[in-house]
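Notes follow once the structure below has been shown.
Below, all heavy atoms of this structure are taken into account, side chains as well, without hydrogens, waters or symmetry copies. Treat the numbers as computed from the prediction; the structure is a model and nothing was measured.
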Amino acid sequence: MASRLQSHQLPSGLYVSGKLEQPKETRPPTMAARAMPYTGGDIKKSGELGRMFDISFADPTSFHGGGAARPPPTRVHSSSASSSNPNSGPVRSGSQSGPVRKSSGPLSQLQPTGLITSGPLNSSGQIGSGSRRSGPLDHHQTSNLRPSTKPKYGSAVTVLNSDPVRVGLKVPKALVWAVVVVAVTALLIGTFLAVAVKKPLIIVAIAAAIVPAAVVFVWNCVWRRRELLGFIKNYPNAVLRGAIDGQFIKVTGVVTCGSTPLESSYQKIPRCVYVSTELYEYKGCSWGSRHAERYVSDFYISDFQSGLRALVKAGYGSKVSPFVVPETVANVTAQTKDLSPSFLQWLADRSLSNDSRAMRLKEGYIKEGSTVSVMGMVRRHDNVLMIIPPAESVATGCKWWRCLFPAYVEGLIITCDENQNADVIPV
């Protein structure tokens, strides 16, 4: 062969062809990383970090005695920070290079922890349009974040008074005033004669004539509500199929919610047509009403006899007299008030003070599927059967044998006799 191939021997003793490759020299990296000094929250040790965020500080040597005061270092503005702020203005570029415009405002000083925050919680300034404040919220903010249990309804729901059922006596006012004038006149004359003639029997005779009238009046005040409930219960039920426009009827059937179902405020009973919550407070020797909420809305009632369904117009400010007996849902004393967070939340939502007195909470409702009796006037409009409040008050008859005068009540009458804890008819 004219030329001989080059070969070399490996460390293992094996001969291989080719030139021996020179080992590459391992060089250390040319870029060296410098460790970031620990500042401990001191801005004087942060170096360029404080200048990046536009935080100014004084030179510590300027406060030492014997040395000349040095001017504070000039603030350096970052172009990227200025360009990210929409209120900082445009950045100069090109041949007209120069100092960047000042940013919208400096950040707050570093905290003792070394963290850069957006300022104290009570500061009114804002860092930017999307800044968020850090730190604990105050009591007012935390109370707004809690879900409120107070119901909020629109105009479709009727807000009833603290005592919507007002049962009066159907007695002519002229007769009442005549009896009062006669009684006062007789008492004055009898007192004058008893003093002039010195015969006390005259006072006794006049008192014997006045006392029975007062007893009859008190008797009617006590029994008028019970007498009205008996009148409503014994009133015959009508059939919706044969009811005519303008007729006063009583209908008994199952109720269903309308367009605005209600919910009880304390027990959170859903899909109700009538809800009431009453708070009573023990004042010395008796229970007195402290707060009351009553709401009613439009609902439907299905007649048991004909199966037809009518719309009961109880919402939009209608006059309604509901006869629903509430039940006690909470009995709270000074020792047990802290054990019921739901009761305390209910009081806080209504800005009611939580004092040391004993309190009792009662709640009544008519939920969907309950059996209800409604007394009102029939109204037919565009093939829609409705029951509206009557134009005149509903009065009972006079029962002389029981010494009861006629009692009356105004508005749409709604009664529900079944137990609220009982199962209702599913609809």
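- For T185 (side chain) and V182 (main-chain N/O), no donor-acceptor pair under 3.5 Å exists by modelled atom type.
- Of the possible donor and acceptor atoms, one in the side chain of W219 sits under 3.5 Å from a partner among the backbone N and O of R402.
- A donor-acceptor pair shorter than 3.5 Å can be found between the side chains of E278 and Y280.
- A perpendicular orientation is assigned to the rings of F231 and Y235, their planes being inclined by more than 60° (bins at 30° and 60°).
- Closest of all the heavy-atom pairs between C257 and E368 is N-OE2, 3.0 Å.
- Looking at K313 and D298, a side-chain N of the basic residue comes within less than 4.0 Å of a carboxylate O on the acidic one, giving a salt bridge.
- Y266 has its side chain out of reach of V275: every pair of non-hydrogen atoms, C-beta onward, lies at least 4.5 Å apart.
- A distance-only check finds a donor-acceptor pair linking the side chain of Y282 to the backbone of G284 [under 3.5 Å].
- Y295 and Y274 have their aromatic ring centers separated by at least 6.0 angstrom.
- Atoms SG and OH, on C272 and Y365 in that order, are 7.0 Å from each other to the nearest 0.5 Å.
- Shortest non-hydrogen contact noted between R380 and A243 is NH2-O, 3.0 Å.
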Problem set entry | Test log, rule side chain to side chain contact (heavy atoms under 4.5 Å, CB included), inputs M377 and Q247 | CA-CA 5 Å; M377 189 171 60; Q247 179 184 357; over 6 Å; no
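- For the pair R360 and E281, the salt-bridge criterion is not met [side-chain N within less than 4.0 Å of a carboxylate O].
- Here the side chains of I366 and V255 are in contact, with some heavy-atom distance below 4.5 Å.
- For the pair G253 and I301, the tightest heavy-atom approach, listed with the atom from each and the gap, is N-CD1, 3.8 Å.
- Here the side chains of W223 and K399 are not in contact, with every heavy-atom distance at 4.5 Å or above.
- The shortest side-chain heavy-atom distance between V254 and F304 falls under the 4.5 Å cut-off.
- Between the side chain of R357 and the backbone N or O of T333, no donor-acceptor pair lies under 3.5 Å.
- For the residue pair L240 and L308, the shortest heavy atom distance occurs at CD1-O, 3.8 Å.
- Counting only heavy atoms from C-beta outward, the side chains of I232 and I413 approach each other to under 4.5 Å.
- E293 has a carboxylate O that lies under 4.0 Å from a charged side-chain N of R350, or vice versa, which qualifies the two as a salt bridge.
- Using a 4.5 Å heavy-atom cutoff, the side chains of Q305 and T252 are not in contact.
- When all heavy atoms of F323 and L229 are compared, the closest pair comes out as CD2-CD2, 3.3 Å.
- Taking the side chain as every heavy atom from C-beta outward, L311 and L385 never approach each other to under 4.5 Å.
- Taking OG1 of T256 as the start and NZ of K367 as the end, the distance is 15.5 Å to the nearest 0.5 Å.
- Here the options are Q267, E363, K362, the test is side-chain contact (heavy atoms from CB on, under 4.5 Å), and the partner is E327; only Q267 passes.
- In this structure, CZ on R224 lies 11.5 Å from OG1 on T396, to the nearest 0.5 angstrom.
- Going from atom OG of S321 over to atom CG of L412 covers 8.0 Å, rounded to the nearest 0.5 Å.
- Other residues, nucleotides and ligands contribute at most 12 non-hydrogen atoms within 6.0 Å of the CZ atom of R226.
- Within the model, atoms OG of S340 and CE of M359 stand 10.0 Å from one another, a figure rounded to the nearest 0.5 Å.
- Residue-environment remark: NZ (K250) exceeds the threshold of 12 foreign heavy atoms within 6.0 Å.
- Panel note: side chain S297, backbone G315; no donor-acceptor pair is recorded below 3.5 Å.
- Between L160 and T158, the closest side-chain pair of non-hydrogen atoms falls below 4.5 Å.
- Between R309 and D303 no salt bridge is recorded (no basic side-chain N to carboxylate O distance below 4.0 Å).
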For this session: Please assess Y408 against L228 for the test side chain to side chain contact (heavy atoms under 4.5 Å, CB included), listing each intermediate value before the final yes or no.
Result: CA-CA 7 Å; Y408 70 94; L228 181 62; over 6 Å; no
